Amino acid sequence: MEKLRVAVLISGRGSNLQALIDACAEEGFPARIVVVISNTENAMGLERAERAGIPTKVIQHQEFADRAEFDAALERTIQNYDANFICLAGFMRLLTSGFVDSWHDRLINIHPSLLPSFRGLDTHARALAAGVRFSGCSVHFVRSEVDAGPIIVQAAVPVHPDDTPDTLAARVLTAEHRCYPLALRWIADGRVTVEGDVVRVAGARVPKKNLVNPGEH
Ligand code: GRF
């Protein structure tokens, strides 16, 4: 089977990009990253891509009159590299609904909360302020509403009583690096179907254990 040809869109650190790069380097992984696009020129993720020998492209949003023109430039680059799938990995620009609709079910994102809770920014501070006992991450298909769309995989992590937004972010990030490659692999293997808001992953197992936090003793 032909590998999925993935464009990864970033704005910063690129640790999720790195997780995808590492996964794609594994023997038999069904996807490959054909281009990494950043809307800022100093995104650390660009260096990660270069180190891995992946083409990079900077498309600075300030250089465009509006979102539609920026998205048109994105589209041209994605087409130039013949990508047929997009992963958003810490990409901090809102995409137009025209762009999002044209990549329906071929565009995924990772968000550092258990969606639909805590859409948007500052998720960890808001999760702590809300007193939730678990937080986590979600990989989901992108729809035009921000941080919404059918959920492919989630990981739950316990919130510790002494957590700060940073310590919680670090725990969630470890889970993100597991989840994003999993979701991409399942999609590229053709195991994922979307039925309305619900995603089915053929052959996926459900964990046997429930988590309780605080634990009992
Ligand atoms: C991650 O927490 C991701 O969930 C969110 O932005 C952050 C990007 O981090 N969308 P990195 O650039 O992948 O390290």
Side-chain angles (χ1 to χ4, degrees), residues 6-25 31 33 35-52 54 56-61 74 85-95 99-100 103 107-130 132 134-160 163-187 199:
V6 181
V8 182
L9 274 50
I10 61 165
S11 299
R13 178 178 58 184
S15 69
N16 278 291
L17 164 67
Q18 188 67 55
L20 295 176
I21 291 173
D22 294 345
C24 289
I33 302 170
V35 64
V36 170
I37 305 173
S38 173
N39 66 313
T40 59
E41 60 187 348
N42 43 20
M44 222 170 86
L46 290 168
E47 288 164 37
R48 298 178 190 269
E50 279 155 21
R51 230 178 293 137
I54 299 167
T56 60
K57 177 98 181 161
V58 175
I59 306 178
Q60 285 182 296
H61 56 268
L74 271 182
F85 198 82
I86 303 174
C87 291
L88 305 181
F91 184 66
M92 301 303 286
R93 296 295 296 170
L94 294 177
L95 295 163
F99 183 93
V100 169
W103 286 90
L107 169 59
I108 62 176
N109 179 45
I110 186 155
H111 183 75
S113 76
L114 291 173
L115 290 173
S117 291
F118 309 117
R119 292 174 173 157
L121 300 173
D122 297 324
T123 49
H124 306 299
R126 288 192 290 135
L128 291 179
V132 294
F134 291 96
S135 191
C137 65
S138 310
V139 182
H140 64 97
F141 287 102
V142 175
R143 299 292 185 255
S144 46
E145 212 184 319
V146 177
D147 296 328
I151 294 165
I152 304 155
V153 58
Q154 292 185 310
V157 308
V159 174
H160 296 201
D163 262 336
T164 63
D166 285 348
T167 58
L168 179 57
R171 196 172 310 117
V172 170
L173 196 62
T174 307
E176 292 184 42
H177 298 160
R178 256 180 84 193
C179 286
Y180 217 174
L182 273 181
L184 184 60
R185 176 192 284 276
W186 293 334
I187 291 167
V199 173

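The shown structure was predicted, so the numbers you read here are calculated from the model rather than taken from an experiment. Count residues from 1 along the sequence. For ligands, and for the atoms within them, numbers begin at 1 and follow the listed sequence.
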Requested in this report: Would you indicate whether the side-chain heavy atoms of I108 and F141 approach each other to under 4.5 Å?
Outcome: yes
Report summary line: In chain-and-number order, ligand 1 lies under 4.0 Å from a heavy atom of each of R13, G14, S15, N16, G90, I110, H111, P112, E176
Query - Pairwise distance NZ(K57) to OG(S38) - rounded to 0.5 angstrom - result: 12.5 Å
Give the table of side-chain donor-acceptor pairs shorter than 3.5 Å for residues 150-157, with sequence neighbours excluded, one pair per line with atom names and distance.
residue, atom, partner, partner atom, Å
Q154, NE2, L115, O, 3.0
Q154, NE2, S138, OG, 2.9

Report summary line: Exactly one candidate in L17, V35, I37 meets side-chain contact (heavy atoms from CB on, under 4.5 Å) with L9; the answer is I37
Requested in this report: Keeping the roles fixed (side chain from D163, backbone from H160), state whether a donor-acceptor pair exists under 3.5 Å.
Outcome: yes
Query raised in the report: Is S117 close to V132 at the side-chain level, that is, under 4.5 Å between some pair of heavy atoms?
Result: no
